[in-house]
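Just follow the structure's listing: the first ligand is 1, and inside any ligand the first atom is 1. The chain is numbered in sequence order, starting from 1. When reading the values below, keep in mind they use all heavy atoms of this one structure, side chains included, and skip hydrogens, waters and symmetry mates.
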Amino acid sequence: MKNIERNFLPGQYDKTNSLKINHNYLGEQFSDYDEILRKISIVVKNQDFTLGRQVDNFEDKFKDLINCKHAIGVGSGTDAIFLSLKSLNIKEGDEVITTPFTFYATIGAIVTAGAKPVFVDVDDDFNIDTNLIESSITEKTRAIVPVHWAGKPCNMNKMLDISNKYNLQIIEDACHAYLATYKGNYAGTFGKSGCFSLHPLKNLNVWGDGGIIVTNDDKFAEHLRLIRNHGLKNRNLCETFAYNSRLDTIQAVVAMHLLDKINHITDKRIFNANYLDMELGNLNEVKIPNRDKNNVKSVHHIYPLQFEKRDKLMNYLISFGIDAKIHYPVPMHLQPAAKDLGYNEGDFPKTELLSKKTLSLPIHEFITEDDMNFMIGKIKDFYTIK
Ligand SMILES: *Cc1c(COP(=O)(O)O)cnc(C)c1O
């Protein structure tokens with residue numbers, strides 16, 4: 001394929017043919033695309049091209065799925081976080097506490113909303129260490145954005161205690177955490193709002209960009225519905241000048257189609273993770289993160305473990321056609337974009353350690369037991385030979 005230079009694509013979809021066991025499974029997942037195209041043709045016939053019935057239907061079904069009062073479809077997961085922060089009236093000079101072990105979008109949303117991100121180190125499970133949050137709170141702190149990394153919910157009891165004690169709002173980045181639960185409640189439903197992404201590489205995914213905000217707060221929901229759509233109450237009445245970040249109607253059709261499969265997708269990922277945990281947990285060179293299964297249900301959007309000799313292992317696995325990937329080698333506080341925030345190497349020891357040791361194995365619903373046995377075998381070989 002020709003290199004795409006102008007429209008930057010960070011190599012997400014291009015390994016499919018060269019590796020046997022891939023992170024990318026989009027071809028299999030959308031093998032019934034004829035059926036989706038048929039559903040899309042109804043939108044074309046009805047000319048319901050922005051918002052409309054398809055978005056309504058998807059929002060209704062999604063809010064019911066995770067037991068929440070409102071779901072609002074928006075342009076992306078990033079916008080879900082950004083619009084939530086804007087609805088809190090976050091402004092210049094405010095501080096928002098979050099994790100340096102996340103995808104760029106979490107921080108991008110905080111910064112573009114006008115706030116200063118304040119990082120708090122993570123624990124061994126990749127999630128923000130709730131014991132470290134209080135010492136980072138200042139008079140300027142307005143909100144916390146916890147990220148339920150890899151699909152494991154953060155310690156929400158502790159998080160809610162802190163938010164009550166200091167009067168801080170919580171906006172959950174639940175982009176990895178469809179159907180994950182903490183003490184029986186769904187990730188995304190604890191904070192003022194929960195934010196999901198429908199990006200092709202997420203557990204619930206569409207053919208482009210999309211996002212969802214969920215909230216139990218009627219007023220908050222109403223405001224979010226306004227500001228995703230120019231602040232319009234109706235065609236002739238603008239209540240507040242705002243944004244254009246609607247969930248695309250065609251993507252809502254794709255998302256609706258996938259909703260019928262999300263339970264299966266989730267169960268299969270959990271099955272795969274349990275299988276790999278059991279087999280790899282015996283190796284001295286491999287560290288499985290604390291799963292805390294009594295309190296949480298993790299949905300394994302990615303499957304990162306800590307490995308000795310991580311970089312060598314990665315190349316070894318790739319040489320056997322296994323798409324081992326690093327999520328992510330450079331933490332947020334050490335990115336060039338963070339230079340004005342004043343952080344240095346050594347500020348977040350756990351985060352920095354994890355960024356050097358973790359490797360993610362393919363875990364999606366099309367990974368078979370044979371695939372897993374092959375990966376397990378190669379990892380065992382690596383530590384026996386090397
Ligand atoms: C994917 C992702 C986002 C952003 O989602 P987009 O829909 O791509 O904008 C935000 N946070 C995390 C942790 C993510 O993985």
Who's the nearest protein heavy-atom neighbour of [atom], and how far?
{"atom": "atom 9 (O) of ligand 1", "value": "T78 OG1, 2.4 Å"}
{"atom": "atom 7 (O) of ligand 1", "value": "S197 OG, 2.6 Å"}
{"atom": "atom 14 (C) of ligand 1", "value": "K202 NZ, 3.0 Å"}

Purely on distance, is any nitrogen or oxygen of [X] under 3.5 Å from one on ligand 1?
{"X": "H199", "result": "no"}
{"X": "D173", "result": "yes"}
{"X": "H176", "result": "yes"}
{"X": "G77", "result": "yes"}
{"X": "T102", "result": "no"}

Lys/Arg-Asp/Glu bridge criterion (N-O < 4.0 Å) met for R225, E239
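So R225 does not pair with E239 through a salt bridge.
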
With a 4.0 Å cut-off on N to O distance, would you call D260 and K61 a salt bridge?
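Salt bridge flag = yes for K61 with D260.
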
Parallel, tilted or perpendicular: which one describes the rings of [X] and [Y], with boundaries at 30° and 60°?
{"X": "F103", "Y": "Y328", "answer": "tilted"}
{"X": "H176", "Y": "H301", "answer": "tilted"}
{"X": "F119", "Y": "Y343", "answer": "tilted"}
{"X": "F30", "Y": "W207", "answer": "perpendicular"}

With a cutoff of 4.0 Å, is H301 in contact with ligand 1, counting heavy atoms of the residue only?
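No, that is not the case, since the closest heavy atom of the residue is not under 4.0 Å from the ligand.
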
Would K202 count as a cation-pi partner of Y178, with NZ or CZ less than 6.0 Å from the six-membered ring centre and within 45° of the ring normal?
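Relative to the ring axis of Y178, which defines the angle, K202 lies outside at least one limit.
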
Could you tell me whether K63 sits above the aromatic face of F196, with NZ or CZ closer than 6.0 angstrom to the six-membered ring centre and within 45 degrees of the axis?
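Not satisfied by the 6.0 Å and 45° rule.
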
Within a distance under 4.0 Å of any heavy atom of [X], pick out the atoms of ligand 1 and give their elements.
{"X": "A105", "answer": "3 (C), 4 (C), 10 (C)"}
{"X": "C175", "answer": "2 (C), 3 (C), 10 (C), 11 (N), 12 (C), 14 (C)"}
{"X": "T106", "answer": "11 (N)"}

Can you tell which part of S76 has a heavy atom less than 4.0 Å from ligand 1: side chain, backbone, both or neither?
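Under 4.0 Å from ligand 1, S76 contributes backbone and side-chain atoms.
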
Rounded to the nearest 0.5 Å, how far does CD1 of I213 lie from OG of S245?
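Nearest 0.5 Å value for the OG-CD1 distance: 7.5 Å.
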
